[in-house]
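So the structure is just underneath, and the comments pick up after that.
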There are 2 protein chains.
Amino acid sequence: MTEVLLEFFKAMAHESRLRIVGLLAHGERSVQDLAAALDLKEPTVSHHLAILKAQGLVTVRAEGTTRWHALDLGALERLSRRVLEPEALAGPTAAEGDERVLRGFVDAGGRLKVIPAARRKRTVVLRWLARAFEPDRRYSESEVNALIQQRHPDSATLRRELVGHDMLAREAGVYWRLPESRWLEGGPA
Amino acid sequence: MTEVLLEFFKAMAHESRLRIVGLLAHGERSVQDLAAALDLKEPTVSHHLAILKAQGLVTVRAEGTTRWHALDLGALERLSRRVLEPEALAGPTAAEGDERVLRGFVDAGGRLKVIPAARRKRTVVLRWLARAFEPDRRYSESEVNALIQQRHPDSATLRRELVGHDMLAREAGVYWRLPESRWLEGGPA
DNA sequence: TTGATAATTCGACGGTTGTCTAATTAGATA
DNA sequence: TATCTAATTAGACAACCGTCGAATTATCAA
């Protein structure tokens with residue numbers, strides 16, 4: 001929880017990356033564009049972009065061999081807003097709350113006993129479930145089902161919920177875990 | 001401008017400091033309290049607090065030999081809000097705007113030709129003026145006047161404006177420069 | 001004044017990470 | 001296929017910075 005915030009700050013806490021964000025605020029840029037504007041070598045820019053992408057702050061669109069990078073203003077807004085949520089800063093208290101919920105719904109063997117009906121509790125459980133997936137790895141639908149079924153038999157419902165909360169993404173039958181900065185708190189909008 | 005934001009992110013981009021902020025969100029703490037809670041030595045905590053204080057995020061209140069540290073939620077809100085102001089990120093453009101204003105009002109010898117009447121331009125000039133003062137240094141009123149008069153004869157008006165914009169603080173006839181995170185954009189509220 | 005406690009400053013050590021060059025991958029074109 | 005370009009990956013080096021123990025400062029109490 002506060003972990004997400006820490007990674008966000010780390011990503012922004014470097015002059016080169018902050019300048020990249022500033023440049024992308026004006027519009028799409030290629031790696032070469034950025035390298036020229038910042039007076040850095042391309043590998044260095046790639047490195048910084050990878051960090052920003054890992055936080056979901058930057059998205060990419062391929063066009064031939066060049067890749068156009070853009071700023072995700074939504075993610076930026078969501079993350080910076082989180083700074084002011086007392087629970088985010090008050091850290092331990094919030095995390096303890098989550099743990100209490102999990103202790104209630106997850107048995108000693110790490111299996112989900114029942115899917116909570118209350119929205120807030122269900123979100124806590126979904127976050128726990130989403131963290132079972134490795135970031136930056138692609139899963140087939142059957143792999144997703146297998147991973148979920150290790151924890152609860154109703155993989156269809158849970159898979160759908162994970163996608164609905166923007167914790168997993170799906171395209172052409174392939175799934176992957178989205179950065180936590182994208183995860184929705186409340187549920188599908 | 002974007003410099004302030006960078007320093008803010010740097011200040012927050014470390015687990016120890018983020019945890020300190022979290023602890024202070026609950027209330028005042030002494031250095032010892034924090035050291036115990038974080039499992040760090042006191043010099044380390046002092047070091048982190050100095051960084052947070054430099055950004056105006058933490059304030060101190062002395063009571064005997066112990067110093068009670070508190071979170072300045074206003075500064076935190078002001079800074080994190082700034083992340084979303086397009087001008088803050090679009091950096092160069094905003095800075096260039098400032099420079100254009102300054103070129104109009106400051107002569108080649110670094111003297112202010114005339115105090116701008118328009119609110120936005122006056123703020124730009126006041127920021128330029130405030131940066132003539134060293135952070136973390138105390139000035140007498142005559143020192144303040146002398147510094148201002150190197151740039152413009154009406155030190156009384158400008159001194160009052162600097163205080164009104166929370167760029168300088170005054171107490172018992174002593175002045176000092178406040179962290180940029182405190183500076184007001186518009187003018188006295 | 002002396003002693004005790006809270007905090008800060010100083011100097012050093014070690015780990016992290018930003019940057020580079022060189023090598024590799026992926027896509028477009030001939 | 002061969003070649004060219006855009007970008008990423010790998011590995012090495014250097015600078016920065018978080019942490020600590022030791023020394024110093026400041027405040028209160030005898």
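Naming: A, B, ... by sequence-line order, numbering from 1 per chain.
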### Between dT19(D) (P) and Ile51(B) (CD1): distance, integer Å
9 Å
### Message
Looking at Ser16(A), I'd like to know whether one of its side-chain N or O atoms comes within less than 4.0 Å of OP1 or OP2 on dT19(C).
### Response
yes
### Query
Parallel, tilted or perpendicular: which fits the ring planes of Phe133(A) and Tyr139(A), with parallel below 30° and perpendicular above 60°?
perpendicular
### Query
Which whole-number value in Å describes the distance from Leu38(A) CG to dG18(C) C1'?
13 Å
Below 3.5 Å between N/O atoms, which protein atoms pair up with nucleotides 11-17 of chain C? Just atom names and distances, please.
none

### Task
Following the transitive rule for hydrophobic clusters with a side-chain heavy-atom cut-off under 4.5 Å over Ile, Leu, Val, Met, Phe, Trp and Tyr, establish whether Ile51(A) and Leu24(A) coincide in one cluster.
no
### Task
Look at all strands and tell whether Ser46(B) reaches a base, only sugar-phosphate, or nothing, counting heavy atoms closer than 4.0 Å.
base
#### Entry: Donor-acceptor pair, side chain of His14(A) and main chain of Ser16(A), under 3.5 angstrom
yes
### Summary
His48(B) NE2 to dC17(D) C1', in whole Å, measures 10 Å
### Task
Take Arg82(B) and Phe8(B), measure what side chain to side chain contact (heavy atoms under 4.5 Å, CB included) needs, and give me the verdict at the end.
CA-CA 10 Å; Arg82(B) 211 177 275 201; Phe8(B) 167 60; over 6 Å; no
### Length of the line joining Arg61(A):CZ and dG27(C):C1', which is rounded to integer Å
16 Å
### Task
Just jot down the salt bridge (charged side-chain N to carboxylate O under 4.0 Å, His left out) partners of Arg170(B), sequence neighbours excluded, or say none.
Glu141(B)
### Task
Group every Ile, Leu, Val, Met, Phe, Trp and Tyr by side-chain heavy-atom contacts under 4.5 Å, then state whether Val60(B) and Val31(B) land in the same group.
no
### Message
Does Val83(B) form a side chain to side chain contact (heavy atoms under 4.5 Å, CB included) with Val83(A)? I'd like the steps, not just the answer.
### Response
CA-CA 11 Å; Val83(B) 178; Val83(A) 177; over 6 Å; no
### Query
Considering residues at least two apart in sequence or located in another chain, which fulfil the side-chain hydrogen bond (donor to acceptor under 3.5 Å, both in side chains) criterion with Thr157(A)?
Asp154(A)
### Message
Set out, in order, the CA-CA distance, both residues' side-chain angles and the distance that settles side chain to side chain contact (heavy atoms under 4.5 Å, CB included) for Val144(B) and Leu162(B), then state yes or no.
### Response
CA-CA 11 Å; Val144(B) 172; Leu162(B) 287 172; 5.7 Å; no
### Task
Apply side chain to side chain contact (heavy atoms under 4.5 Å, CB included) to the pair Leu52(B) and Gln55(B), showing each step before the final yes or no.
CA-CA 5 Å; Leu52(B) 294 171; Gln55(B) 300 308 310; 6.0 Å; no
#### Entry: Length of the line joining Leu49(B):CG and dT19(D):P, which is rounded to integer Å
12 Å
### Summary of side chain to side chain donor-acceptor pair (under 3.5 Å) pairs that have at least one residue in residues 33-48 of chain A, sequence neighbours excluded
Arg17(A)-His48(A), Ser30(A)-Asp33(A)
Identify all pairs in which a protein N or O lies below 3.5 Å from an N or O of nucleotides 20-26 of chain C, and state each distance.
residue : atom : partner  : partner atom : Å
dC20(C) : OP2  : Lys41(A) : N            : 3.1
dC20(C) : OP2  : Thr44(A) : OG1          : 2.8

#### Entry: Below 4.0 Å: OP1/OP2 of dT8(C) and any side-chain N or O of Arg67(B)
yes
### Task
Report the distance from atom CD of Glu7(B) to atom C1' of dC17(D), rounded to the nearest whole Å.
13 Å
### Task
Could you tell me the separation between the CD atom of Glu63(A) and the C1' atom of dG27(C), rounded to a whole number of Å?
12 Å
### Message
Give the dot-bracket line for DNA chain C from 5' end to 3' end: parentheses for intra-strand Watson-Crick or G-U pairs under 3.5 Å, square brackets for crossings, | for inter-strand pairing, dots for unpaired.
### Response
||||||||||||||||||||||||||||||
### Task
Take atom CH2 of Trp68(B) and atom P of dT5(C), then tell me their distance rounded to the nearest Å.
17 Å
